[in-house]
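Notes to accompany the following structure.
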Protein chains: 4
Amino acid sequence: MPRTTDGDGTPVPRRLLAAATRLFAEQGYDRTSVQEIVEAAGVTKGALYHYFGSKDDLLHEVYARVLRLQQERLDAFADADAPVEKRVRDAAADVVVTTIENLDDASIFFRSMHHLSPEKYRQVRAERRRYHERFRALIEEGRRAGVFTDEVPADLVVDYHFGSVHHLSTWYRPDGPLGPQEVADHLADLLLRALRP
Amino acid sequence: MPRTTDGDGTPVPRRLLAAATRLFAEQGYDRTSVQEIVEAAGVTKGALYHYFGSKDDLLHEVYARVLRLQQERLDAFADADAPVEKRVRDAAADVVVTTIENLDDASIFFRSMHHLSPEKYRQVRAERRRYHERFRALIEEGRRAGVFTDEVPADLVVDYHFGSVHHLSTWYRPDGPLGPQEVADHLADLLLRALRP
Amino acid sequence: MPRTTDGDGTPVPRRLLAAATRLFAEQGYDRTSVQEIVEAAGVTKGALYHYFGSKDDLLHEVYARVLRLQQERLDAFADADAPVEKRVRDAAADVVVTTIENLDDASIFFRSMHHLSPEKYRQVRAERRRYHERFRALIEEGRRAGVFTDEVPADLVVDYHFGSVHHLSTWYRPDGPLGPQEVADHLADLLLRALRP
Amino acid sequence: MPRTTDGDGTPVPRRLLAAATRLFAEQGYDRTSVQEIVEAAGVTKGALYHYFGSKDDLLHEVYARVLRLQQERLDAFADADAPVEKRVRDAAADVVVTTIENLDDASIFFRSMHHLSPEKYRQVRAERRRYHERFRALIEEGRRAGVFTDEVPADLVVDYHFGSVHHLSTWYRPDGPLGPQEVADHLADLLLRALRP
DNA sequence: TATGAATGAGAATTCATTCAT
DNA sequence: TATGAATGAATTCTCATTCAT
């Protein structure tokens, strides 16, 4: 039996990824040493480099997972069978909830992107762009349907909302007065209010 | 003649600060070496350590300058003699304009805060908090006056707007289609729209 | 069916040896990783360690093959039925031709010998010595026959010639103006000229 | 007083260079760690990287010194006021003597050149080429004067001789039967004998 | 005020080798 | 015969900071 798992049965690559995610979020990418990661994962450096080409690679994997997750959820909400207003509200609230539920990934996302190698950076930006475009298309659909104002450029509206999503990792505390769903509802509400004609 | 200035007449500490600001913004705090900073400023390491206690100190000075500037401007707009709606709109737009005009500082701000020593970090957070409170007070004033909705917590509204301000350094490009003032007007407009009762 | 051969029918050990020879020559022994060798040979590390005890072993095998080859050829030329002058000339030219035809082995030989384990190093030196002695005996035979000068120690003469042979891998280029045989004839000629009484 | 020297008064860079030269010659470039070098020189790693950009740089400096020395000596002998035969003999013997007197440098030279960065490698090759050309010009001068044979290409003659010079580090032992000058005289003699018309 | 040589701890990465299967 | 995950030690290099001058 290849020792791909350890005492707890979790495969080594996943253990490494989990440890890296937590540490990158807590201390930042640069402040986290490979040594810390492997210690937290309970393996040796050699094992890390057996599975990941570099520290940078590890960061990229964190991103890939988040990007995939968010894109899937947005697509599901956007393609739902409901009035555009509701679809926007649901999608806007959902991204808040999932961001709060994965605050570590979010911190990393908005703070460490520039640590990726140029090539991987471009790749992440491109996927990010796709996400942005999908959301913008939704806004424009509502605008054409006459339920949203067209006084503000749709791009700007998208960045407005996602700005607040990114910002969550700066101020949101699990032990604060508002739960994820409440925050999500409020932020989606602010967006919809701003979009009223 | 003490050589506090150089060919261009700019005092050494300011030259160092300018070089550090640019480099921190371009490469991040951790990726910027003290050596690079002193080379960019045209001085030697000894000089840097003569004026600043540490690399961390340099970062703190960057923050101090931005915080002071923004607080002053917010106070001025908030204390103006005008209807609360206008004061909120003006303040909200102004922070966008000055952020765009100092995008380097902004990048550093939202990306490198966690590199400060715990003590300085607390200090910056406290000043940041004062800023947030002042803005929130303005929102609540409008709310009491009945011109703003009270369906969303004021704190959340403030974070909503500042989220989009932080986000600017991620997407704003000087050579893009919108100038600073246009972006500012749109974003302030979105805020005011969301606040409509 | 044991998979000692692959698509091309070449047995695994030979494939490994060929890959190692090429890579050692191109990059040097230390710069070549075991991983590179097994990839070039299309096998895995386990296979390599099945056939060879260590990386060092692989190097030793390369030597063994060359040494055996050269000794056989020298013996053949030296034992031929011809005047000593001709036998020296033929042997001297032949070692040049075979060296040029195996330039990779030659590069390795003169650059990587010191990477062998002490024990294998001694062994190679001993075989090398035998080769040297055989050539020297030939020179002395000619000297006793009065066809070669005895103004220069025979050992030195041998080293003189083999120095130029070793040097071939430094300057000889297959696409240069001289073919292997031409170079060989010239170098043998230089040796014989020097040996004229 | 800056601590550029230590107990023995030798400046740090020179101490490093001396240690590196000895270790590279003894063990080869790849087998010598930076740690060993700084320990042998009695300084810390930081000091090494203060003076030299990389381990490769250190190797390049070793080369630069040898190349400069040999070129100067060749030029002096070649430009002397004497018959061409004598100038060739003197130059040929001198390179043997100085090579034996700096056998460490020579070992490094012919064994570690390929460890240089491509750029530095080209540079060393170019300087090496100049040396070769100078010697070749001398041979051709003698040929035109009718004192040397023209049956063998001059380039080949030069490589013939320098092959034996390179080879010295393989077999010459200070405690052997022949002193540097004797070896030099014999090897120069072999060259001149080969060149006889 | 300012220099720049020197430190020393720690960074990421590589690699030959082993071993359970 | 062969796999490939895992080890652990070693490698080169970086860097904030100090300090004698």
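Model, not experiment: these values are computed from the prediction. Here is the naming used below: chain letters follow the sequence lines, and residue numbers restart at 1 for every chain.
When each of A/Leu48 and C/Ala47 is assigned the nucleotide of DNA chain F with its nearest heavy atom, C/Ala47 is the one assigned upstream, toward the 5' end.
A close approach under 4.0 Å does not occur between any side-chain nitrogen or oxygen of D/Tyr51 and OP1 or OP2 of E/dG4. Contact check, A/His50 against F/dA5: a side-chain N or O comes under 4.0 Å of OP1 or OP2.
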Pairing annotation in dot-bracket form, given for DNA chain F with Watson-Crick or G-U pairs under 3.5 Å and | for cross-strand partners
.||||||||||||||||||||
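Between the side chains of A/Glu119 and A/Gln123, no donor-acceptor pair is found at a separation under 3.5 Å.
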B/S/- contact track for nucleotides 11-16 of chain F, protein heavy atom under 4.0 Å
SBBBBS
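Rounded to whole angstrom, the span from the CD atom of A/Glu39 across to the C1' atom of F/dT7 amounts to 15 Å. E/dA11 atom C1' lies 15 Å from atom NE2 of A/His115, rounded to whole Å. Between C/Gln27 atom CD and E/dT14 atom P there is a gap of 14 Å when expressed in whole angstrom units.
Contact between D/Gly28 and D/Thr32 at its shortest, heavy atoms only, is O-OG1, 2.7 Å.
Counting only distance, with no hydrogens or angles, the side chain of D/Arg111 and the backbone of D/Ala25 share a donor-acceptor pair below 3.5 Å. The main-chain N or O of D/Tyr29 is found under 3.5 Å from a side-chain atom of D/Lys55 such that the two form a donor-acceptor pair.
A salt bridge does not link B/Arg22 to B/Asp104: none of the charged side-chain nitrogens sits closer than 4.0 Å to a carboxylate oxygen. A salt bridge between D/Arg65 and D/Asp105 is present, with a side-chain N of the basic residue lying under 4.0 Å from a carboxylate O of the acidic one.
Annotation for B/Arg125: atom CZ does not count as buried by contact number, only 12 or fewer foreign heavy atoms lying within 6.0 Å.
Among the nucleotides E/dT7, E/dA2, F/dT7, the one closest to the side chain of A/Thr44 is F/dT7.
Cation-pi geometry between A/Arg128 and A/Tyr63 is not met: the NZ or CZ atom fails to fall both under 6.0 Å from the ring centre and inside 45° of the normal.
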